[in-house]
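Below you'll find the structure, written out as structure tokens, and then a few comments.
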Amino acid sequence: MKSRRRSATGDARRGVDRSMVAVRALAAVFGGGWVLASLASAAGVGTAASFLAEKGKLLFLASLVVMFVVRGLAGPGRTAWWCLAGAMASYLAGAATYEFSERHLAVVPDLPWSDVAFFGFYPLAFAGLFLLIRLRTRTVTLSTWLDCAVTGLTTAAVAAAAALGALLQQAGGDVLFIASIGYPVADLFLFGLIAGGLVVIGRDAGAGWWWLIGGFAVFLVADLTFAYQVVHGTYVVGGPLDTLWGLAFIAFGLAACVAPRPVRFDATAVPQRPLVVPAACALVALGILFRGYLTGGDPVAGSLALGAVLAALARTGLTFRDVRALGDSRRQARTDELTGLPNRRSVFESLDAADERLAAGATIAVLVLDLDRFKEINDSLGHSVGDALLREVGGRLREELRAEDLLARLGGDEFVVLAEELDAESALAMAQRLRAQFLRPFLLGGLELTVDVSIGLAVGPEHSGNSAELLQLADLAMYSTKAGRLGATVYDEARDGHGRHRLEDVSQLRRALDRGELVLHYQPKLALSTGAIEGVEALVRWQHPTRGLLYPDAFIDLAETAGLMSRLTTQVIDMALAQCRVWADQGRALTMAVNVSPSNLVDEQFPDVVAELLAAQGLPTGILVLEVTESLLMEDRERAVRVLSRLRDDGVGVAIDDYGTGHSSLAYLAALPVTELKLDRTFVSAMTGSHRAESIVTSTLQLAHALGLVLVAEGAEDQATVDALTMLGCDVVQGYHLSRPLPPDQLWSWLEDRSPAVVAD
């Protein structure tokens with residue numbers, strides 16, 4: 001059904017496009033004929049040319065009406081283009097009325113019906129242009145619209161002052177003359193709207209907008225010339241003036257032919273444009289008013305200029321309001337709502353500024369304060385008491401600081417102090433004075449609370465030349481202070497350095513993920529029933545730029561605690577599947593086993609990620625086996641079952657790794673959607689020398705087969721172990737006796753050179 005609907009929509013769009021091509025062709029013929037016939041008529045070629053010019057004009061206007069209607073069907077801005085089509089239809093009605101009814105009248109009425117129809121062009125054109133501007137700028141503010149009004153009104157006022165003043169004076173009270181002058185006046189409003197709209201749209205204006213500007217500019221010149229000729233009695237029907245109107249309407253048609261630029265519907269505000277153009281226009285409008293005051297200029301230019309000045313005044317008022325609101329917003333964004341102190345954002349901005357002073361040789365101390373037992377107060381007495389305590393703490397700390405020192409709340413019950421021109425000894429003395437403020441009990445709503453504080457501090461450039469790092473070091477010192485109940489301590493590299501290095505290691509691991517420093521080695525898995533290598537396990541390594549090749553025990557825990565494990569696992573799966581694709585293209589299909597982390601098992605989106613990675617490489621889902629440990633399954637069993645079930649439903653294999661060393665339970669083994677058991681190497685390596693170990697391997701093998709699972713024995717270190725596993729009917733083995741984990745190129749060579757004599761007969 002959807003496909004038929006899309007097909008019908010596509011057919012309709014193609015029909016509209018074909019109609020647009022046909023209408024453009026007709027418009028080109030009629031428009032060109034009108035202009036050529038008008039030029040011939042103006043040159044006095046003959047009455048035939050005049051006849052063709054008049055009839056060609058009507059046909060061309062009719063084709064424009066159809067073109068604008070079709071353009072409304074072909075893309076965005078349907079209502080706008082239909083308004084413009086209505087404007088063209090009104091103009092066509094005026095031209096037809098004059099041509100067939102009023103042209104040969106002996107006495108022309110004071111206000112002919114043709115003029116009424118001609119004037120109907122303007123409100124519809126104004127509405128269409130306004131909607132086109134609105135379409136291009138969905139998030140325009142009132143201030144921007146006022147900028148548009150200032151620019152447009154000033155443009156119209158300049159044009160009126162340059163041309164209409166003398167015409168209005170010469171027209172006197174003659175209705176016909178005043179009606180003729182009404183055309184350029186109305187044009188001025190349209191042209192002002194376009195000029196202001198250009199300020200609003202800015203760089204988003206396309207070629208179609210410039211064709212509209214050019215068309216209305218020519219239209220304005222033609223109407224001004226028409227008014228001048230009517231006032232002076234020199235207007236001749238079918239003269240050169242018709243050529244100008246023809247060129248203007250041709251420009252309108254070209255605007256409809258240009259493909260629109262994509263309209264941006266982002267939720268962000270339109271970027272602030274420079275106020276140079278509106279400000280300059282406001283000054284010009286003031287100049288027009290001043291000139292009119294001195295010389296008695298025409299009322300149209302004065303009215304337009306007055307409107308521009310009033311819009312500029314309104315824009316100025318909005319600007320002051322916005323600036324004041326922006327100031328309040330900036331202050332609130334940098335202030336902690338609870339205590340009224342600067343917040344975390346303000347702290348980091350101050351730290352950025354402190355870097356320059358550190359570089360210039362200044363000394364800066366950073367103190368981090370954390371209340372002791374604050375969670376107990378919140379839990380036992382309620383958050384309202386905790387909030388009141390934090391407000392009181394902020395007030396007391398402020399009393400012991402200098403005016404130039406920064407006291408801020410980082411969040412929770414943690415505060416920070418930034419103080420300049422203090423060495424480590426002076427900063428420690430300040431910390432002791434701050435701690436002394438906590439010797440007095442806090443009285444909160446009839447309750448008397450005694451609270452202590454732990455303070456850690458670091459001083460730059462002694463401990464670091466970077467202010468943000470100083471905050472980290474002070475935080476590490478604070479945790480050491482709290483752990484040892486030391487009250488206040490200065491950062492010590494020997495005591496706190498491991499935390500600092502851990503932060504550096506996390507940063508390096510994050511960069512390693514960004515730069516692709518992780519590499520994979522692959523350990524083969526031997527199918528005992530066939531003696532063939534049917535799969536491999538991918539094992540991650542970190543090719544550290546300075547420390548060399550690092551094994552997982554050097555960074556897996558770091559990735560877990562830093563929240564990077566999910567990203568690391570996804571990257572490993574992606575790399576492993578890409579290598580699997582390479583081997584498949586070389587003619588060797590191998591299953592790929594990859595270890596996953598707890599963060600993957602609690603991520604409901606993880607199955608979708610795995611499916612996307614498999615699809616990206618064009619591999620079947622059964623080629624991937626994900627290995628999970630028993631301990632991971634015990635952390636969030638319900639969610640793990642949901643995630644693993646989705647993976648199994650997609651066809652991905654699931655193996656329980658290190659089976660037998662965790663919280664082994666037949667209940668979860670029966671419930672989990674697993675396909676393999678990987679018996680831990682502890683039992684496999686000892687089975688040839690221990691009857692108990694052999695019994696555990698045998699019973700586990702029988703259990704796996706009874707449940708329809710594949711048993712993988714890891715840790716096969718010698719041929720005797722492989723022989724024993726083969727006799728028991730084990731499915732798959734892996735271990736150093738076969739091969740150590742190898743880089744992909746070395747594994748490929750090993751596979752090519754491998755002798756099948758590993759399995760005993």
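In what follows, every heavy atom counts, from backbone to side chain, and hydrogens, waters and symmetry copies are set aside.
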For this session: To the nearest 0.5 angstrom, please state how far the CZ atom of F683 sits from the OH atom of Y659.
Result: 9.5 Å
Problem set entry | Residue pair V540, M575: steps toward the side-chain contact (heavy atoms from CB on, under 4.5 Å) verdict | CA-CA 10 Å; V540 65; M575 295 166 61; over 6 Å; no
Exercise. Mind checking whether I556 and M565 have side chains closer than 4.5 Å, heavy atoms only?
Worked result: yes
Exercise. Is D731 close to V712 at the side-chain level, that is, under 4.5 Å between some pair of heavy atoms?
Worked result: no
Exercise. Is E534 reaching over with its side chain to a backbone N or O of K525, donor-acceptor style, under 3.5 angstrom?
Worked result: no
Problem set entry | Whether R345 side chain and F348 backbone form a donor-acceptor pair below 3.5 Å | no
For this session: Before giving the answer on side chain to side chain donor-acceptor pair (under 3.5 Å), spell out for N466 and S464 the whole-Å C-alpha distance, their side-chain angles and the decisive distance to 0.1 Å.
Result: CA-CA 5 Å; N466 180 276; S464 175; 5.4 Å; no
For this session: Step by step, work out the side chain to side chain donor-acceptor pair (under 3.5 Å) result for D718 and T721.
Result: CA-CA 6 Å; D718 51 48; T721 302; 2.7 Å; yes
Exercise. Hey, does V628 have a side-chain heavy atom less than 4.5 Å from the side chain of N600?
Worked result: no
Problem set entry | Contact list for residues 604-614, test side-chain hydrogen bond (donor to acceptor under 3.5 Å, both in side chains), sequence neighbours left out | E604-R642, D608-R646
Problem set entry | 4.5 Å side-chain heavy-atom contact, V366 and L473 | no
Exercise. Mind checking whether M687 and L728 have side chains closer than 4.5 Å, heavy atoms only?
Worked result: yes
For this session: Without swapping roles, check the side chain of T621 against the backbone of D650 for a donor-acceptor pair under 3.5 Å.
Result: yes
For this session: Would you give the length of the straight line joining atom CG of D387 to atom CG of L338, rounded to the nearest 0.5 angstrom?
Result: 4.5 Å
Exercise. Backbone N or O of L341 within a donor-acceptor pair of the D336 side chain at under 3.5 Å?
Worked result: no
For this session: Let me see the working for L549 and H521 under side-chain contact (heavy atoms from CB on, under 4.5 Å), right down to the final yes or no.
Result: CA-CA 11 Å; L549 190 67; H521 288 187; 3.8 Å; yes
Exercise. Under 3.5 Å, is there a donor-acceptor pair between the side chain of Q617 and the main chain of C580?
Worked result: no
Exercise. So Q508 and H544, side-chain contact (heavy atoms from CB on, under 4.5 Å) or not? Walk me through it.
Worked result: CA-CA 9 Å; Q508 290 179 4; H544 197 282; 2.9 Å; yes
Exercise. Side chains of L539 and N595: does their closest heavy-atom pair fall under 4.5 Å?
Worked result: yes
Problem set entry | Salt bridge D585-R581, side-chain N to carboxylate O under 4.0 Å | yes
Seminar exercise, completed: Residue pairs meeting ring-ring contact (aromatic ring centres under 6.0 Å, His included), one or both in residues 593-616, sequence neighbours left out, come to none
Exercise. Stepwise, does the side-chain contact (heavy atoms from CB on, under 4.5 Å) test hold for V652 with V610?
Worked result: CA-CA 9 Å; V652 176; V610 172; 4.2 Å; yes
Please tabulate, for the side chains in residues 671-678, all donor-acceptor contacts under 3.5 angstrom to protein atoms that are two or more places apart in sequence or on a different chain.
unit_1 : atom_1 : unit_2 : atom_2 : d
T675   : OG1    : V654   : N      : 3.0
T675   : OG1    : V654   : O      : 2.9
K678   : NZ     : E537   : OE1    : 3.0
K678   : NZ     : E627   : OE1    : 3.4
K678   : NZ     : E627   : OE2    : 3.0
K678   : NZ     : Q734   : OE1    : 2.9

Problem set entry | Check: S346/N343 side-chain N/O donor and acceptor closer than 3.5 Å | no
For this session: Side-chain contact test, heavy atoms from C-beta onward, threshold under 4.5 Å: evaluate it for L390 versus F415 and give yes or no.
Result: yes
Exercise. Crowded around R740 CZ? As in, over 12 foreign heavy atoms under 6.0 Å?
Worked result: no
